[in-house]
Amino acid sequence: MTSPTAHKGGAHAAAGAETPDSSRRTARERTTTIRSVLGRVLVLGAALAVAAYLVPLLIAARMWLWLFIVVAATVAIFVLYSTRRFIPGKYFFPGTFFLAVFLIVPIVMTVQTAFTNFGDGFRGTKEDAVTTITNNSVVQAPDSPLYNLSVATTGSVEDGPFTLFLVDTDTEDVLYGADGETVQPATDVNVTVTDGFVTAADGYTILTGKQINTAYDTISTLTLSVSETSAIKVQGVRSAFEGTKTMVYDEQSDSITNTKTGDVYTVQKVGNSEYYVNANGDRLAQSWKQNIGLANFAKLFGNRSLIKQLGGAFTWTLIFAGGSMLLTFILGYFLALTLNDDRIRGKKLYRSFLLLPYAVPGFISLLIWSNFYNRDFGLINEMLNLHINWLGDPNWAKVAVLLTNMWMGFPYMFIVCTGALQSIPDDLKEAARIDGANGWQTTTRVITPLLLVSVAPLLVSTFAFNFNNFNAIQLLTEGGPFAAGEYTRGGTDILISMVYRIAFGGSGADYGFASAVSVVLFVITGVLAAAQFTATRRLEDIN
């Protein structure tokens, strides 16, 4: 007989022994845990590295909104992904983050800009404006120091940003600085000087003479501050000089004095913005970004002539958006119905050909079609032996825009309708035939209502897209044709293209006004979309 003690020891031995399956499970669990920890460390480390890189840059640029977003996102990542808790938040955070960055923040920034005078002449801060005014007043004296100039960049050779490297022709000292900054000795940059010019600098690309000529309109305006009364200004492609500022800023009185004429310019409000103005009422052109309240909206709604033009553009915008939606849907639905018939052979080939307009980039299609509509040499007039002035007559230009948009948009509706048709059970069609319905009745009373249940929201989105379809107008007709003496609104201008011309087609860009109009368009589009969704909601009752 076996003693109880022996049985007990055997049981303990059996319990303590690991089977091969349990060993493999334990190893897999360890591997999974290690991978999870490593992945967590990598994610948190990457988030911390990105935040450490961006935060100083955002603080230096005073971009407080983006600074808040970066800090908040970093804190959220550490809170959510450093523990095994907050499981729903781990999945909820990525979508929320990208929604905020790519949708909510742009809307907020657009609304903020709508209440400012931001645009050409009003871009920077007041300090930037003072620097620009004083630096642009530099004049050369007979004894002005001269420098050998090399232009460098850390970005694009066409757009910069540009940094000036200077070699003093007398002392051979090397100086450098970016536009508006105070010049400083190049002691913290490893430079190579050849024949009195800087030919290489660590972290910079030195521009050739040809590249400088290409961007000379920008480079020629670059100025480096030396002191309150002097600055270095570009002179030609390979030289610069240190001159005297004729406009001197006095911080204590917040005024700018012209040392040549003795005029004193103080801050005064002119219109909706502040400028530096002298006693005679003459103002300096440079101003700065300021909050101007509802001035942009007053400019939009207070001009009767502009309101009338906007009303005409709004009417055509509704026709254009609604017509484009209906034409693309009708053609796409018709082709989808036709190719959904099982008796047709080669349906895949036909469908492939019908998708070609969708595969060609839109801007290429629009530019090609604009040539097709040429009155004298266009493909359409040549093939059909017509003499229609497609883009010169306002009515025919509207027809051309609608036809082109239909050609570009019907493949999308074709794809959508094809998928919706294939999801409708054949039993419903058979039941309609048994009840005595012919093909037309089956299509209009059974298939179409069922199809609209899934397609109606896409029709609403198509309408909203075409309501602001800037490319279709700008690339095809540029808003024209224009009546004699009319430069504000053309025959095919929709609201967005007309506003673009008002805001950016004059002497300079007016981003504040453009943002105000964008806010109004956003509200109009939202109201129309909401009305359309409400009108199509009854389709949900169809089973």
Side-chain angles (χ1 to χ4, degrees), residues 41-82 93-94 96-113 115-120 122-132 135 150-166 175-191 198 200-207 215 218-219 221-225 286 288-291 509 511-512 515:
V41 170
L42 288 175
V43 170
L44 297 179
L48 184 61
V50 172
Y53 173 76
L54 291 178
V55 166
L57 297 177
L58 295 174
I59 293 175
R62 298 182 180 180
M63 301 176 69
W64 309 121
L65 177 61
W66 288 107
L67 177 64
F68 170 78
I69 292 173
V70 170
V71 173
T74 304
V75 171
I77 289 173
F78 270 84
V79 171
L80 293 174
Y81 298 101
S82 60
F93 172 76
T96 304
F97 173 76
F98 288 111
L99 175 68
V101 170
F102 293 109
L103 182 62
I104 297 177
V105 172
I107 292 175
V108 171
M109 296 181 69
T110 301
V111 173
Q112 288 179 339
T113 305
F115 295 93
T116 69
N117 61 353
F118 183 47
D120 287 348
F122 306 93
R123 290 181 177 270
T125 63
K126 184 178 180 180
E127 291 75 13
D128 295 333
V130 171
T131 301
T132 300
N135 284 350
S150 297
V151 182
T153 182
T154 55
S156 166
V157 296
E158 293 85 9
D159 303 319
F162 299 110
T163 298
L164 305 182
F165 281 89
L166 308 164
L175 309 173
Y176 82 107
D179 184 38
E181 295 180 352
T182 300
V183 68
Q184 57 183 317
T187 55
D188 58 340
V189 180
N190 188 17
V191 299
V198 173
D202 288 350
Y204 294 87
T205 300
I206 304 296
L207 273 62
T218 300
I219 295 173
T221 63
L222 302 182
T223 308
L224 305 181
S225 294
Q286 186 67 39
W288 52 94
K289 183 179 177 181
Q290 305 157 41
N291 291 321
Y511 297 107
S515 298

Checklist outcome for this item: Thr110 and Ser515 have their tightest heavy-atom pair at O-CB, 3.4 Å
Checklist outcome for this item: Heavy-atom closest pair (Met109 atom, Leu65 atom, distance to 0.1 Å) is CG-CD2, 3.8 Å
Item to check | Interatomic spacing from OG1 in Thr132 to CG in Asn135 - rounded to 0.5 Å | outcome: 7.0 Å
Checklist entry - Say you draw a straight line from CD1 of Ile219 to CG of Leu207; how long is it, rounded to the nearest 0.5 Å? => result 5.5 Å
Next on the checklist: Once rounded to the nearest 0.5 Å, what's the spacing between atom CG of Leu164 and atom CG of Leu222?
Outcome noted: 5.0 Å
Next on the checklist: Which residues pass the ring pair (Phe, Tyr, Trp, His ring centres under 6.0 Å) test with Phe122, not counting sequence neighbours?
Outcome noted: Tyr275
Checklist outcome for this item: Pro161 and Thr153 have their tightest heavy-atom pair at O-OG1, 2.7 Å
Checklist outcome for this item: Leu57 meets the side-chain contact (heavy atoms from CB on, under 4.5 Å) criterion, sequence neighbours left out, with Tyr53
Checklist entry - Hey, what do you get for CG (Asp128) to CH2 (Trp288), rounding to the nearest 0.5 Å? => result 11.5 Å
Item to check | Minimal non-hydrogen separation, Lys289 against Arg123, with atom names | outcome: CB-O, 4.1 Å
Checklist entry - When rounded to the nearest 0.5 angstrom, what is the spacing between CD1 in Ile59 and CG in Leu54? => result 11.0 Å
Item to check | Heavy-atom side-chain contact between Leu224 and Leu166 under 4.5 Å | outcome: yes
Checklist entry - Considering residues at least two apart in sequence or located in another chain, which fulfil the ring pair (Phe, Tyr, Trp, His ring centres under 6.0 Å) criterion with Phe93? => result Phe97
Item to check | Partners meeting side-chain contact (heavy atoms from CB on, under 4.5 Å) with Thr96 (sequence neighbours left out) | outcome: Phe92
Checklist entry - Less than 4.5 Å apart, any side-chain heavy atom of Val105 and any of Trp66? => result yes
Checklist outcome for this item: Taken to the nearest 0.5 Å, the spacing of Leu67 CG from Leu58 CG works out to 5.5 Å
Checklist entry - Does Asp120 use its side chain to pair, donor to acceptor, with the backbone of Ala509 at less than 3.5 Å? => result yes
Item to check | Contact summary for Ala152 and Ile206, nearest pair of heavy atoms | outcome: CB-CD1, 3.7 Å
Between side-chain atoms of residues 176-186 and protein atoms elsewhere (two or more places apart, or another chain), which donor-acceptor pairs fall under 3.5 Å?
{"residue": "Tyr176", "atom": "OH", "partner": "Asp188", "partner atom": "OD1", "Å": "3.1"}
{"residue": "Tyr176", "atom": "OH", "partner": "Asp188", "partner atom": "OD2", "Å": "3.2"}
{"residue": "Asp179", "atom": "OD1", "partner": "Thr223", "partner atom": "N", "Å": "2.9"}
{"residue": "Glu181", "atom": "OE1", "partner": "Ala178", "partner atom": "N", "Å": "3.3"}

Checklist entry - Which residues pass the ring pair (Phe, Tyr, Trp, His ring centres under 6.0 Å) test with Phe118, sequence neighbours left out? => result Tyr511
Checklist entry - Can you name the closest pair of heavy atoms from Gly203 and Thr154 and give their distance? => result O-CG2, 3.5 Å
